[in-house]
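Take a look at the structure set out below.
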Amino acid sequence: VPIVIATFCGAAFLGVPQWGLIAGTVVAFGPVYGSAYAWGATMISASLDFWLGRWIGAERLAKFGGDLVNRIIGVVRRNGFVTSFAVRFVPTGPFVLVNMAAGVSGMMFRMFLAGTALGIIPKIVIVGLLAQGLVSGADGDRLMIVCVVLALVFIGVMLLARRRLKRHVVLPPETVVETAKNLEE
């Protein structure tokens with residue numbers, strides 16, 4: 001478990017997609033334990049990034065992340081829990097930048113944590129279903145079809161939600177950075 005946590009924390013800074021980390025964990029430890037380990041490691045990694053963002057501050061993060069980070073900060077600031085949930089459910093940007101943007105935004109940590117805790121479940125369920133489908137398919141079980149269809153339905157819902165969320169993420173970057181600076185003061 002500590003190796004899984006360290007891998008999730010370090011890989012976030014290398015830009016490794018969460019899907020890949022979750023898939024590797026589910027394949028290595030099975031759908032049940034792998035999903036639980038992936039959830040816990042994601043929570044710890046997200047928390048680390050959040051506090052790092054809070055420590056770094058808005059101005060430095062905006063320079064590092066550019067327009068994408070500025071838009072994420074603006075969205076996150078508007079509604080902590082719902083936004084934290086939505087950016088997990090609907091992938092919006094690199095994991096580490098999304099978490100750091102939440103820290104910079106002035107969002108309450110408990111809202112960030114709650115939204116993250118619930119928002120990452122669909123990703124983990126999708127990967128778990130696909131893994132179980134592959135295992136069942138290898139055994140000749142028809143459960144594979146059900147698992148794969150459910151995973152595809154989840155993916156479709158996520159893509160649809162992402163499309164709708166993108167319509168609301170159109171803030172002028174300078175407004176976001178200015179607001180973040182005011183929060184720091």
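Computation of the quantities below employed the complete heavy-atom set of this structure, encompassing side-chain atoms and omitting hydrogens, waters and symmetry-equivalent molecules.
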Inset, instruction - Indicate yes or no for a side-chain donor-acceptor contact from S47 to the backbone of M43 under 3.5 Å, with no hydrogens or angles considered. - result: yes
Legend entry - Under 3.5 Å: donor-acceptor pair, side chain of W39, backbone of A117: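 At least one qualifying donor-acceptor pair exists.
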Residue pair [X] / [Y]: nearest heavy atoms and the distance that separates them:
X	Y	result
A38	I124	C-CD1, 4.1 Å
A41	V4	CB-CG1, 3.9 Å
M107	R54	O-NH2, 2.6 Å

Measure the spacing between [atom1] of [X] and [atom2] of [Y] and express it to the nearest 0.5 Å.
X	Y	atom1	atom2	answer
F8	Y37	CZ	OH	12.5 Å
T7	L21	OG1	CG	8.0 Å
D49	M100	CG	CE	7.0 Å
N99	L48	CG	CG	9.0 Å
F50	L113	CZ	CG	9.0 Å

Do [X] and [Y] share a hydrophobic cluster, counting only Ile, Leu, Val, Met, Phe, Trp and Tyr and linking them when any side-chain heavy atoms are less than 4.5 Å apart?
X	Y	result
F112	W51	yes
V32	I120	no
I44	F109	yes
I5	V27	no

Inset, instruction - Check whether any side-chain heavy atom of I126 lies under 4.5 Å from a side-chain heavy atom of W19, and answer yes or no. - result: yes
Inset, instruction - Let me see the working for V104 and I56 under side-chain contact (heavy atoms from CB on, under 4.5 Å), right down to the final yes or no. - result: CA-CA 8 Å; V104 166; I56 287 175; 5.7 Å; no
Inset, instruction - Flag yes if more than 12 heavy atoms outside L14 fall under 6.0 Å of its CG atom; otherwise flag no. - result: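 Yes, because the 6.0 Å sphere around CG of L14 holds more than 12 heavy atoms from other groups.
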Inset, instruction - Check the pair T42 / F95 against side-chain contact (heavy atoms from CB on, under 4.5 Å), numbers first and verdict last. - result: CA-CA 10 Å; T42 299; F95 183 76; 3.8 Å; yes
